[in-house]
Visitor: 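Here you go, one structure.
Quick note on labels: first sequence line is chain A, next is B, and so on, each numbered from 1. This structure is a prediction, so every number in the text was calculated from the model and none was measured.
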2 protein chains.
Amino acid sequence: MAKSATASEAKTATKTGGKTSRTRLDDETAQQQILSAADRLFYERGVQAVGMDAIRDAAGVSLKRLYQLFPSKEHLIEAYLRHRDALWQSMLDEHVDARTDPRERILAVFDFLRDWSSQPDYRGCAFIRTFNELRATSPHIAEMATHHKDGFRAELVELAREAGADAPEQLADQLILLSEGAITRCAMAGSSAPATRAREAAAAILDATLN
Amino acid sequence: MAKSATASEAKTATKTGGKTSRTRLDDETAQQQILSAADRLFYERGVQAVGMDAIRDAAGVSLKRLYQLFPSKEHLIEAYLRHRDALWQSMLDEHVDARTDPRERILAVFDFLRDWSSQPDYRGCAFIRTFNELRATSPHIAEMATHHKDGFRAELVELAREAGADAPEQLADQLILLSEGAITRCAMAGSSAPATRAREAAAAILDATLN
DNA sequence: GACATCGGAGAACGAACGTTCTCCAAAGAC
DNA sequence: GTCTTTGGAGAACGTTCGTTCTCCGATGTC
């Protein structure tokens, strides 16, 4: 529909006095706008369903510039996943670090999932979705997705260890199942209720596991 | 359906005499071959990554015939999901009905997931993957996927009820999280170990929930 | 035999995609 | 001023995809 509004962002008025001359965006700004547009579109529709033209329109840059900064769509998808990884880390840490009690810190993971899945543009896990879309055609990107999950698992193992679990890896693996389940169910059901259920189940598992 | 006794319908490949002439497949056989090929390719690579040409090649039928039996790719995807739904139901029921103890019947769900995810061509849940691929472009197919999940939930609620759970729906929702988590993790990790972890976690939840 | 019908193989078509190229106006150097 | 450089807008290119169409040999009927 009306995507002219986004296109008008193409050239920002520079700080040069009253004259709003159309000047070239510096690389950093252009990169941010492209990444922001790619993140929004890739996450909403999936990487395969979004063309480079759509990203150019949403970012307000020329195709030439887009390819200067990201030499191929695969490069852009990689940047998208790196961006999502950083976003995920910061959101998760924010919730976990707000607590000090080890048991509460574990449950904070599920508070994070509840908050995250409550956002209207929530579409589940970008890594799982990209993995499923590209595992057959792009092993490198598939490996980025598994690497992200490895990081999440490591964080859960650490939290389980801090909580004094006898078998922190086993506990972490069980908590991962609840997390992944919640992430997926919230996306399909369009509700954050599964995250709440996951928190309850996690609490039950912690009760049964921690002494 | 109407089985008109026209001779043209039944032109199966019978080797009349020494000549092994390639004769037309009857509709039923052609439909099965197409569906089998579509199932294999769609499930392995995802629906978007598989073209109609690839399905024609794998099924060994002409494009003309393919479109006679399935008027569009969307029709074929629908048939694929219906086929997967039946497959899932039969595999699940086979495991659950092998047990009589209500608690064991619940845990049989996770035995099924372990067996299923051990298959070399295992690629996770076709419904979640198709939902994620097409939710933005094909609401009807997305709804088929959610409908499948509703059916699975109903089955778990029934099993929880038979096991005498005080809150069968809540228990079912927690078990769904473990199931979905296991389905996804097994696919990404390329291992059935997450299904085993899910069974352990489910047992812990049942211990805490059932009296 | 002649004639009509059917369907397979694959070309063809229009759209969409990832990527590259052309044209030209604007900015900077002298 | 002129010359050079830059990069934006978008056309163009080559491929792929979903879908349709053409050709032609094989078959059924008389």
Visitor: Could you list, one pair per line, each protein nitrogen or oxygen that sits under 3.5 Å from a nitrogen or oxygen of nucleotides 10-16 of chain C, together with the distance?
Guide:
none

Visitor: Rounded to whole angstroms, how far apart are OH on Tyr67(A) and P on dT20(C)?
Guide: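 Spelled out: OH on Tyr67(A) to P on dT20(C) is 7 Å.
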Visitor: Rounded to the Å, how far apart are Glu74(A) CD and dG18(C) P?
Guide: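 Going from Glu74(A) (CD) to dG18(C) (P), I get 12 Å.
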Visitor: Pairs in or reaching into residues 113-132 of chain A: which pass salt bridge (charged side-chain N to carboxylate O under 4.0 Å, His left out), with residues at least two apart or in two chains?
Guide: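 Every pair satisfying salt bridge (charged side-chain N to carboxylate O under 4.0 Å, His left out) with a residue in residues 113-132 of chain A: Asp111(A)-Arg114(A).
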Visitor: With a 3.5 Å cut-off and sequence neighbours excluded, list the donor-acceptor pairs that the side chains of residues 46-57 of chain B form with protein atoms.
Guide:
unit_1: Gln48(B); atom_1: NE2; unit_2: Glu133(B); atom_2: OE1; d: 3.0

Visitor: Met52(B) CE to dT16(D) P: how many Å, rounded?
Guide: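 Interatomic distance, CE of Met52(B) to P of dT16(D): 18 Å.
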Visitor: Check the distance between dT16(D)'s P and Ile55(B)'s CD1 and give it to me in whole angstrom.
Guide: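 The answer, rounded to whole Å, is 17 Å.
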Visitor: Taking atom P of dT19(C) as reference, at what distance in whole Å does atom NE2 of His75(A) sit?
Guide: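 Nearest whole value for this atom pair: 10 Å.
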Visitor: Which residues pass the salt bridge (charged side-chain N to carboxylate O under 4.0 Å, His left out) test with Glu94(B), sequence neighbours left out?
Guide: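 Salt bridge (charged side-chain N to carboxylate O under 4.0 Å, His left out) list for Glu94(B), sorted by chain: empty.
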Visitor: Relative to Phe127(B), does Arg84(B) satisfy both conditions: NZ or CZ under 6.0 angstrom from the six-membered ring centre, and within 45 degrees of the ring's axis?
Guide: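 Relative to the ring axis of Phe127(B), which defines the angle, Arg84(B) lies outside at least one limit.
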Visitor: I need the CD-P distance between Gln48(B) and dC17(C), as an integer number of Å.
Guide: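 After rounding, the reported distance stands at 11 Å.
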Visitor: Identify, with sequence neighbours excluded, every residue that meets salt bridge (charged side-chain N to carboxylate O under 4.0 Å, His left out) alongside Arg105(B).
Guide: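 For Arg105(B) the salt bridge (charged side-chain N to carboxylate O under 4.0 Å, His left out) partners, ignoring immediate neighbours, are Asp97(B), Glu162(B).
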Visitor: Tell me: CD of Gln68(B) to P of dG18(D), nearest whole Å?
Guide: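 Atom-to-atom, Gln68(B) to dG18(D), this comes out as 19 Å.
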Visitor: Rounded to whole angstrom units, what separation is found between the CG atom of Leu69(B) and the P atom of dT19(D)?
Guide: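 Answer to the nearest Å: 15 Å.
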Visitor: On DNA chain C, does the nearest nucleotide to Pro71(A) precede the nearest nucleotide to Val61(B) from the 5' side, or the other way round? Give the residue.
Guide: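 So the residue in question is Val61(B).
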Visitor: What pairs with Arg99(B) under salt bridge (charged side-chain N to carboxylate O under 4.0 Å, His left out), at least two apart in sequence or on another chain?
Guide: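 Only Glu104(B) meet the salt bridge (charged side-chain N to carboxylate O under 4.0 Å, His left out) criterion with Arg99(B).
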